[in-house]
Amino acid sequence: MARLVVMGGGVSGHTAATFAKKWLGDEHEVVVVTPNSQWNWIPSNIWVGVGQMTKEDVVFPLAPVYEKAGIDYRQAKAVSIHPEGKTDSDTPYITIEYTGQGKEGQTEEITYDYLINATGPKLNFDATPGLGDGKGQLGEHTVSVCTADHAMHANLELQKIFEKAKTQKQKILVGTGHGMCTCQGAAFEYIFNIEHEAKKAGVRDNLEIKWISNESFLGDFGMGGLHMKVGGYVVSSKLFAESLFAERDVPWLIGAHVTKVEAGKIEYELLDGSTGEEEFDFAMLIPPFAGVGLKAYDKNGEDMTDKIFAPNGFMKVDADYTAKPYEEWKASDWPRTYQNPDYKNMFACGIAFAPPHLISKPMKSPNGTPINPTPPRTGMPAGIIGKAVAHSICDMIKEGENAHLHEASMAEMGAACVASAGKGAFDGTAAAMTVYPVVPDFEKYPGTGRDTDYTFGEIGLAGHWIKHILHHMFIYKAKLKPGWTLIPE
Amino acid sequence: MREEEINFAKSDSFNLTMIPGAFARKLRTCIIWQFIRFVVINIKMLVVVSKSH
Ligand SMILES: Cc1cc2nc3c(=O)[nH]c(=O)nc-3n(C[C@H](O)[C@H](O)[C@H](O)COP(=O)(O)OP(=O)(O)OC[C@H]3O[C@@H](n4cnc5c(N)ncnc54)[C@H](O)[C@@H]3O)c2cc1C
């Protein structure tokens, strides 16, 4: 009997664990180690953040789902990896610290034959003074929608602003809280959902709503933007994004690295080196992401974290990490199998793997401050990669360690993304987009780097319906209800 | 002044982009048109999803 241990029960890890258990059956063991007791459909946190959904609508308890599936669930956080075992045993293991199941604070060792790291991002609020509380959590001056609890808190604060806006002017600032953030899409959705709700509440005229982000142009989204065919033209996402912001009367400040957050005020540096301040009554700023801080040790207990993880804390996989200038970046730099180069029984999927470099063009202010979005790894790639990794491991278990590995390069895969711009069965809108491939391949598609037959975007009610259906479909799938495998990632 | 054109004058950056007219905006929430778009977008997305797996 082989044991697969999956660290992280989010989008990617849950996909990997559930497929692996289905394919391996009772002959082999699947263990999930994750600190959360509930699974969260993160994209719908946006609607929790504007009061259009409750926390209960976007989460469900993991324990009964894993029990039904026959998965050994440990509500704990992984702390360290020991791929070579210890001095008296060659069996690799991880150490965990329980966060629930009545064992809070207890530590344990779990041995493994195969390991998946799907621990996602650490929300690195403390990277910007004042954005965090100095202890790794969200600070007191701004709100976040990155977790369901954050989103509930964001809505409470937002409703206070809407109340005040009935009689006085209020200013709302939404965007990224650091020069190296990703996930601009979430902030984009939040700002337009606020704008939509403000109109519905009749307070839009008293609200100044402003966007601030680290993108060098609006519509970059950490993917270097995208080009789509519209009305016989091939046009940049910049034009579309700017159009939406102008239509909804939302001015933008871009190329911005937020340097400090205080009560009601942020300070920032721009790509041209200038600095400035922006006041606010309510601000939602996405934090930068980092790896969750796992440690790695060799057989003798020597720290080898640097060997396994990149400096940003994400795990090294089969990517080409050679430092090279933007002009020399290639689609083939991106990983295909997500196998760790040193330990072949170890894989990383979703946000947890270290990308070889940015996708957007790297930018620096004259003061040397890097200000550019880091690469997004959205839900669809996170799910597809998780499934491919599970497939590879199942084949290795059944056919031996030289089994052919399954591939899922982000330079050969597309992504479908639906960005909500306001909720409502008849007056809601969302930007429905597909991009193919996620990482542009300028050798294959000279010019835009992408196949414009499969890269498109349009805004409308249809997009909102799709977003709403996806909410129910993915929660249904994650609960492993009948036919769950038929729903694509 | 047409309602949809007012924002052009609000800033230089607004002035240099495109803003949809009344008809294009109406289509975004027109149930019949959006039902057709719903079918078309779903097909397009399924093609991209199937190419990616
Ligand atoms: C507000 C918001 C809106 C978004 N909207 C969209 C959208 O519309 N479409 C889209 O495609 N993507 C969207 N995304 C991105 C999407 O949520 C991510 O791409 C996806 O969640 C990544 O999956 P993951 O499994 O890598 O990470 P996660 O889903 O974050 O899962 C990581 C898991 O690891 C666990 N973990 C953390 N530390 C440890 C540890 N030490 N040991 C064990 N487990 C650990 C965490 O608790 C978590 O359960 C959005 C993101 C945000 C924040």
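Each chain gets a letter, A, B and so on, in the order its sequence line appears, and its residues count up from 1.
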Checklist entry - Would A:H404 and A:D395 count as having a side-chain donor-acceptor pair, cut-off 3.5 Å? => result no

Would you kindly check if the NZ (Lys) or CZ (Arg) of A:R450 is within the cone defined by 45 degrees around the ring axis of A:Y436 and under 6.0 Å from the six-membered ring centre?
no

Quick one: do A:E197 and A:K423 make a salt bridge, cutoff under 4.0 Å? no

**Study point:** Carboxylate-amine/guanidinium contact B:R28 A:E458, below 4.0 Å
**Key:** no

When the 4.5 angstrom heavy-atom criterion is applied to A:L218 and chain B, the contacting part is neither

Whatever's closer than 4.5 Å to a heavy atom in chain B on A:A388 counts as neither

With chain B, the option among A:T429, A:D451, A:V250 that has the most non-hydrogen atom pairs under 4.5 Å is A:V250

If one checks every heavy atom of B:S13 against chain A at 4.5 Å, the contacting part turns out to be both

Okay, A:I459 and chain B: the region with an atom under 4.5 Å from a heavy atom over there is both

Is the A:F19-A:W484 ring centre distance short of 6.0 angstrom? yes

inquiry  = Any salt bridge linking A:K229 with A:D453? Criterion: basic side-chain nitrogen under 4.0 Å from a carboxylate oxygen.
reply    = yes

Exercise. Tell me whether the guanidinium CZ or amine NZ of A:K238 lies under 6.0 angstrom from the six-membered ring centre of A:F217 and within 45° of its axis.
Key: no

One option among B:F38, B:F14, B:W33, B:F35 has the most heavy-atom pairs under 4.5 Å with chain A, and it is B:F14

Most contact-rich option vs chain B, by heavy-atom pairs under 4.5 angstrom, among A:G463, A:G460, A:A246, A:S409, is A:A246

Requested in this report: Could you tell me if the ring centre of A:W211 sits under 6.0 Å from that of A:F245?
Outcome: yes

Applying a strict 4.5 Å limit to non-hydrogen atoms, the region of A:M380 in contact with chain B is side chain

Ranked by heavy-atom pairs below 4.5 Å to chain A, first place among B:K51, B:R25, B:E4, B:K44 goes to B:K51

Scored by heavy-atom pairs under 4.5 Å with chain B, the best of A:G414, A:P381, A:A408 is A:G414

Among B:T29, B:V40, B:V47, B:N42, the residue with the most heavy-atom pairs under 4.5 Å to chain A is B:T29

